[in-house]
Engineer: 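One structure, as structure tokens, below. Some questions next.
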There are 2 protein chains.
Amino acid sequence: MSNSKLYKGSLTTIILKLLNEHDKMYGYEITQKVKELTKGELKITEGALYPALHKLEAEGLLDVEVAKVDNRLRKYYKLTETGTKETVNKLEELAEYIKTMQALVNPKLA
Amino acid sequence: MSNSKLYKGSLTTIILKLLNEHDKMYGYEITQKVKELTKGELKITEGALYPALHKLEAEGLLDVEVAKVDNRLRKYYKLTETGTKETVNKLEELAEYIKTMQALVNPKLA
DNA sequence: AATATATACATAATTTTCTTATGTATAAGA
DNA sequence: TCTTATACATAAGAAAATTATGTATATATT
């Protein structure tokens, strides 16, 4: 995912946020979009992505819809209602995380 | 550590930064300082902290010095020269992480 | 005096999340 | 023809945390 360990735990937030913006996406598309948005800084590996998608689906945050494009399989994921609510929570947690870390790292500004 | 999974992977950064500011600290003191600086938002658990300190020591980033205060044991940790350099790296990684996540979560501002 | 809480360390079992490696299959480009 | 891109998947192992214990002393509460 990256040389930095800080990304551990943020994959779910990333997936949910992208699906919140793009309505429906398939796995490979997510990896490409992340690479594009971060200018190559962050690469989502398949070994992390697919299990994460399956888990989110199992938890009822994502719905899946299979399609065949150019004779190749695609699994389109989209947020459920619960998933949309959870996206809001995850984004709040991210904002809170950043605030907390800044308080630790830059206590003068707190 | 917190209800949010985002803190996973940031403990080392937190420890190094606190030691960079406070010269020498012991484990329990670190847990209290974090609680104080984050107004209770973040609680470092012992099961995470002590193994992390031992690892940083083993890697040569921290030096340890045992003291007895009020008939109780304290292990004071301080940054080695290597540890000071690594602190700079970790803080750069944190800044980069925040930048990257903001690009993902708020692409309009990127 | 007894009990609970705070201080101070530690480790073991388990869980979560990720990396790395591997596997299948089709399409497109060199 | 061979490599790269597209598109999915899982298994083995590593890393970092949680949760549960354990030891021990000091202080505060009942």
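Labels below follow one simple rule: chain letters A, B, ... track the order of the sequence lines, proteins then strands, and each chain is numbered from 1.
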Engineer: Round to a whole Å and report the spacing from NZ of A/K8 to P of D/dA17.
Structural biologist: 9 Å
Engineer: With a 6.0 Å cut-off (strictly less than), is the heavy-atom count around CD of A/E81, excluding the residue itself, greater than 12?
Structural biologist: no
Engineer: Mind checking if A/K55 touches a base, just sugar-phosphate, or nothing, with heavy atoms under 4.0 Å?
Structural biologist: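 Sugar-phosphate, backbone atoms only, no base.
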Engineer: Pick the nucleotide of DNA chain C nearest each of A/M1 and B/H54; which residue has the one closer to the 5' end?
Structural biologist: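 Upstream on the strand: B/H54.
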Engineer: Verify the contact: side-chain N or O of B/N71 to OP1 or OP2 of D/dA26, cut-off strictly under 4.0 Å; return yes or no.
Structural biologist: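 Yes, B/N71 has a side-chain N/O under 4.0 Å of OP1/OP2 on D/dA26.
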Engineer: Would one find a side-chain N or O of B/Y50 under 4.0 angstrom from OP1 or OP2 of C/dA10?
Structural biologist: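 Negative; the distance criterion is not met.
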Engineer: Quick one: does A/T38's side chain have a donor or acceptor within less than 3.5 Å of a partner on B/T100's backbone?
Structural biologist: no
Engineer: Measure the distance from CG on A/L6 to P on C/dT17 and round it to the nearest whole Å.
Structural biologist: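 Computing the A/L6:CG to C/dT17:P distance gives 17 Å.
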Engineer: If you compare all heavy atoms of B/T82 against all heavy atoms of B/G60, which two are closest, and at what distance to 0.1 Å?
Structural biologist: CB-O, 3.9 Å
Engineer: With distance as the sole criterion, is a donor-acceptor pair present between the side chains of A/S2 and B/Y97 under 3.5 Å?
Structural biologist: no
Engineer: Rounded to the nearest angstrom, tell me the gap between atom CD in A/E65 and atom P in D/dC8.
Structural biologist: 13 Å
Engineer: Phosphate oxygens OP1/OP2 of C/dC9: is one of them under 4.0 Å from a side-chain N or O of B/Y26?
Structural biologist: no
Engineer: In whole Å, what is the span from the OH atom of B/Y28 to the P atom of C/dT5?
Structural biologist: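 One finds 13 Å between P of C/dT5 and OH of B/Y28, rounded.
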Engineer: B/V64, B/L19: one ILVMFWY side-chain cluster at the under-4.5 Å cut-off?
Structural biologist: yes
Engineer: Between P on C/dT17 and OH on B/Y7, what's the gap in Å once rounded to a whole number?
Structural biologist: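 Distance, rounded to whole Å: 16 Å.
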Engineer: Assuming nearest nucleotide by heavy-atom distance, tell me which of A/G27 and A/K5 is located more 5' along DNA chain D.
Structural biologist: A/G27
Engineer: In this structure, how many angstroms lie between the C1' atom of C/dA21 and the CG atom of A/L49, rounded?
Structural biologist: 17 Å
Engineer: To the nearest angstrom, how far is B/K24 atom NZ from C/dA8 atom P?
Structural biologist: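 Spelled out: NZ on B/K24 to P on C/dA8 is 13 Å.
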Engineer: Nearest to the B/Y77 side chain among C/dA10, D/dA16, C/dA8, which nucleotide is it?
Structural biologist: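 Within the option list, the nearest is C/dA10.
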Engineer: Measure CG/A/D70 against P/C/dA28 and give the value in whole Å, please.
Structural biologist: 6 Å
Engineer: Would you classify B/E29 as touching base, sugar-phosphate or nothing, given that sugar-phosphate means primed atoms plus P, OP1 and OP2, and contacts are heavy atoms under 4.0 Å?
Structural biologist: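 Since no nucleic acid heavy atom lies under 4.0 Å of B/E29, the category is nothing.
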Engineer: What nucleic acid atoms does A/R72 come within less than 4.0 Å of, heavy atoms only: base, sugar-phosphate, or nothing?
Structural biologist: base
